[in-house]
Amino acid sequence: MRLSQYFMPILRDDPKEAEIVSHKLMLRSGMIRQEAAGSYSWLPMGFRVLKKIEQIVREEQNRAGAIEVLMPTIQPADLWRKSGRYEAYGKEMLRIKDRHDRDMLYGPTNEEMITDIFRQGAQSYKDLPRNLYHIQWKFRDEVRPRFGVMRGREFLMKDAYSFDVSREAGQHSYNKMFVSYLRTFARMGLKAVPMRAETGPIGGKDSHEFLILAETGESQVFFDRDFYDMDWNAFDIDYDDVGAVAKVVDDFTAKYAATDDKHDPAEFERLVPEARRLTGRGIEVGHIFFFGSKYSEPLGCEVQGPDGKKVPVQSGSYGIGVSRLAGGIIEASHDAAGIIWPEPVAPFKIGLLNLKAGDAETDQACNKIYKTLEAKGVEVLYDDRDERPGGKFAVMDLIGLPWQVIVGPRGLKEGIAEVKNRKSGERSNVGLDRIVERFAG
RNA sequence: CGGGGUGUAGCGCAGUCUGGUAGCGCACCUGCCUUGGGCGCAGGGGGUCGUCAGUUCGAAUCUGGCCACCCCGACCA
C-alpha cells in the first residue's frame, strides 16, 4: 500500500480523552475513531490488526477442534426468559423492541442461543462431544466504558461453547480450550497467565481468566514468578491425547496465580516462597467457564445416552476479547516513540521509506522494491509522500511496523538501503539487490 | 449509579471572571528549498464557539434547561 493513497489519519498530539497508552497510540496512529462512549470505528490500520488477531484466534480454535458458526447480534428475548437471565442480566443488556413490539436484545453473549441451536441439531450421545464457536460483535451496556477498546460497550469477541455427555468428558473439552488459549496468546507475543476466577453472571463451577501483565490493567494480580520461566511455546500436543492435554493444564494451574477477588494471602504465602511472590496489574483477555447443565436443563437440551435415557448436556463457554486484544498487545508492546507490533499481528510487515520522494532515482529504487515485495505477497506500507525525513521516521516509529526499509540518495550512491528492526532498533545496510530476498526469501 | 470535570478549526489549547460577533501551536493548501531522525523559508484556507431558550442595543462570554464526552469509585471479554 502506498501511504499517499491510504487512509491513515495520524495525530501528533494525544487526544485529551485518552488516558492509557494503548488508547492514545491507537488514536494517534489512526487505527480507531470513537463514535460514542465505548463504541469505535476501526479505520484501515486498526481493521488490519483486528483481522490478524481474529485469524489467529480462528486458526487455534479450529486446531483445537472447535467448529465455526455465526449467530446474529440481535436475539429474541424469549430464549433469555427461559434461562432466567432476561431478568438476571440487568441493565448491562441492551433491550430493543422491533416494529411488532416484540422484545429483542443486542446479544451480550450467546449461551442461550447456542444451546437452543445444539438442542435442535443433536439428539444422541453420538453427536457429542462438539464445540461450536463464533466471532461476533457483542454489546454490553457498561456503566462506565473507558480505556478505548479495552472496555468498550460494543466489542468483538470469540465465544465458544462445548457440549459433552458427562462431567469428565466436559473436563477434556475445557482443558482443550485452556491449552488452545495458551497457544493463541503466545502466537501474538503475549504471556497470558491463567488465573482461577470468579464465574460472574455466566455462572458455573470451574473458571479461569487469562491475564496479560501490564501496568494499566484493571485487575490486581498475585502470581508466582515461575510463570516467567515456563515454556510458553511448547504446546504442540495432540488435542485428542486426554492425558497430555490435562498435563499442560495441571502444570499451569499448579502454580499460584489469582486476581484480587480470588486472592488468598495465606495460600499465597504457603505455596510461594517470598522471593517468587509477584504482584502487579493484569488485563483480562480470555475467560473460560465450565457450567455443566446450567443452560441445558432450563432450555431442554438433552441427548439420548447408550442406555436410552435422556441426559442434559454438560457445557462450558470460552471467551476471547478480540478487539480488546488490539489494545492489550499495545499495552504490552510499545516504547516512547510508539507501538511495537509483534510480527504476527502487525498491520504491515515492512514500512518502506522513500527519503526523497520526487527524485527520479530514489523513486525508481523504491518502486522496484515495493512492487517486487508486493508481488511476492509481503505486506508493505510504502511512504512515498514528498515529506521531510524527520516526520517520516516519526510516523513509522509511531505505527510500529516490525521492519523499516530506508532508501535515500546517500545509500543509493553505494547501492544500499538501511534495514531497521523496530523492536530492537538494530540497523544494517543491505544491498538493494538483496532487499527482496531478505524479506521474501 | 454516586462524586468531580469538560464542550471554541482535523488534533492540542487560549479567550469566558471584567459582554462589543474569535486567536495560538500542530495538521492542511500553494510556491520555493541544498529533504538522512517530528523545529527550512514565504504565503494562504478553514470555526452556526455542544444545543435550546432567556437577559441585553449587542452573548463564546451572563442566566436556566437539555445533550454529549471525560475522570474517580462499585461491575465485566
Distance test, side-chain N/O of A:Arg12 to OP1/OP2 of B:G12, below 4.0 Å: no

For B:U6 and B:C62, measure between their P atoms and round to the nearest Å. 12 Å

Over all strands shown, is A:Gly286 touching base, sugar-phosphate only, or nothing at heavy-atom distances under 4.0 angstrom? sugar-phosphate

Starting from the 5' end of RNA chain B, give me the residue, A:Glu218 or A:Pro409, whose nearest nucleotide shows up first. A:Pro409

On a heavy-atom basis, the closest approach of A:Pro347 and A:Leu401 is CG-CD2, 3.8 Å

When rounded to the nearest Å, what value does the distance between C1' atoms of B:A60 and B:U8 take? 7 Å

Given the rule in the side chain to side chain contact (heavy atoms under 4.5 Å, CB included) test, do A:Trp42 and A:Met26 qualify, once you have shown the distances and angles that lead to the verdict? CA-CA 10 Å; A:Trp42 291 76; A:Met26 288 180 86; 3.9 Å; yes

Measure distances between side-chain N and O atoms of A:Asp13 and base N and O atoms of B:G25, and say whether any donor-acceptor pair falls under 3.5 Å. yes

Mind checking A:Gly327 for me? I need base, sugar-phosphate or nothing, with any heavy atom below 4.0 Å counting as a touch. nothing

Looking for any heavy atom pair under 4.0 Å, which part of the strands does A:Gln34 touch: base, sugar-phosphate only, or nothing? sugar-phosphate

What I want to find out is whether A:Arg63 reaches A:Glu60 closely enough, with some N-O distance under 4.0 Å, to be called a salt bridge. yes

What is the distance, to the nearest angstrom, from the CZ atom on A:Arg388 to the P atom on B:G40? 6 Å

With a non-hydrogen cut-off below 4.0 angstrom, is A:Val285 in contact with a base, only sugar-phosphate, or nothing? sugar-phosphate

Output the distance between atom CD (A:Gln75) and atom CD1 (A:Ile96), rounded to the nearest 0.5 Å. 10.0 Å

Using only heavy-atom distances, decide whether a donor-acceptor pair under 3.5 angstrom links the side-chain of A:Arg33 to the base of B:G10. no

Determine whether a donor-acceptor pair (one donor, one acceptor, N or O, separation below 3.5 Å) exists between the side chain of A:Asp386 and the base of B:U35. yes

Indicate yes or no: does A:Glu379 engage A:Lys52 in a salt bridge with an N to O separation below 4.0 Å. yes

Distance between the C1' atoms of B:A14 and B:C26, in whole angstroms? 15 Å

Using the side-chain heavy atoms of A:Phe289, tell me which of these nucleotides is nearest: B:C69, B:A77, B:C1. B:A77

Under 4.0 Å between any heavy atoms, over every strand shown, what does A:Gly408 touch: base, sugar-phosphate, or nothing? Just pick one. base

Suppose we define a pair by two distances each less than 3.5 Å, Watson-Crick or G-U wobble; what does B:G20 pair with here? B:C57

Please work out if A:Lys420 contacts a base, only the sugar-phosphate, or nothing of the nucleic acid, heavy-atom cut-off 4.0 Å. base

Can you check whether A:His208 and A:Phe210 have ring centres sitting under 6.0 Å from each other? no

For A:Met93 and B:A77, what is the distance between atoms CE and C1' respectively, to the nearest whole Å? 17 Å

With a 4.0 Å limit, can you tell me whether A:Arg144 has a side-chain N or O closer than that to the phosphate oxygens OP1/OP2 of B:C75? no

Who is the Watson-Crick or G-U wobble partner of B:C28, with both distances under 3.5 Å? B:G44

Using a heavy-atom cut-off of under 4.0 Å over every strand shown, decide if A:Ala357 touches base, sugar-phosphate, or nothing. base

Base of B:G37 paired with side chain of A:Asp397 (donor-acceptor, under 3.5 Å): yes

Determine, answering yes or no, if A:Phe155 is stacked on B:A77 under the 5.5 Å centre rule and the 30° plane rule. yes

Which nucleotide wins on minimum distance to the side chain of A:Arg427, given the candidates B:G37, B:G38, B:C69? B:G37

Between B:G12 and A:Lys16, is there an OP1 or OP2 to side-chain N/O distance shorter than 4.0 Å? no

Between B:C28 and B:C72 - P atom distance, rounded Å: 33 Å

Grab the NZ-P distance between A:Lys24 and B:C70 for me, whole Å please. 15 Å

For B:A68, give the paired nucleotide (Watson-Crick: N1-N3 plus N6-O4 or O6-N4; G-U: N1-O2 and O6-N3; both under 3.5 Å), or none. B:U6

State whether A:Arg58 and A:Glu68 are salt-bridged, where the test is any N-O pair (Lys NZ or Arg NE/NH1/NH2 against Asp/Glu carboxylate O) under 4.0 Å. yes

C1' gap between B:C71 and B:G65, integer Å: 25 Å

Can you figure out which of B:C75, B:C69, B:A27 approaches the side chain of A:Glu92 most closely? B:C75

Please determine whether a side-chain nitrogen or oxygen atom of A:Lys392 lies at a distance below 4.0 Å from atom OP1 or OP2 of B:G38. no

Using the P atom on both, measure B:G45 against B:G23 and round to a whole Å. 12 Å

Mind checking if A:Leu27 touches a base, just sugar-phosphate, or nothing, with heavy atoms under 4.0 Å? nothing

Comparing nearest nucleotides in RNA chain B, the 5'-proximal residue of the pair A:Gly321, A:Glu17 is A:Glu17

Which base sits across from B:C39 as a Watson-Crick or G-U pair, both distances under 3.5 Å? none

Does A:Phe348 have its ring centroid less than 6.0 Å away from the ring centroid of A:Tyr6? yes

What contact category does A:Glu418 fall into here, base, sugar-phosphate, or nothing, at under 4.0 angstrom with non-hydrogen atoms? base

Spacing between A:Arg385 atom CZ and B:U35 atom C1', to the nearest angstrom: 13 Å

Which part of the nucleic acid, if any, lies within reach of A:Glu142 when heavy atoms closer than 4.0 Å are counted: base, sugar-phosphate only, or nothing? base

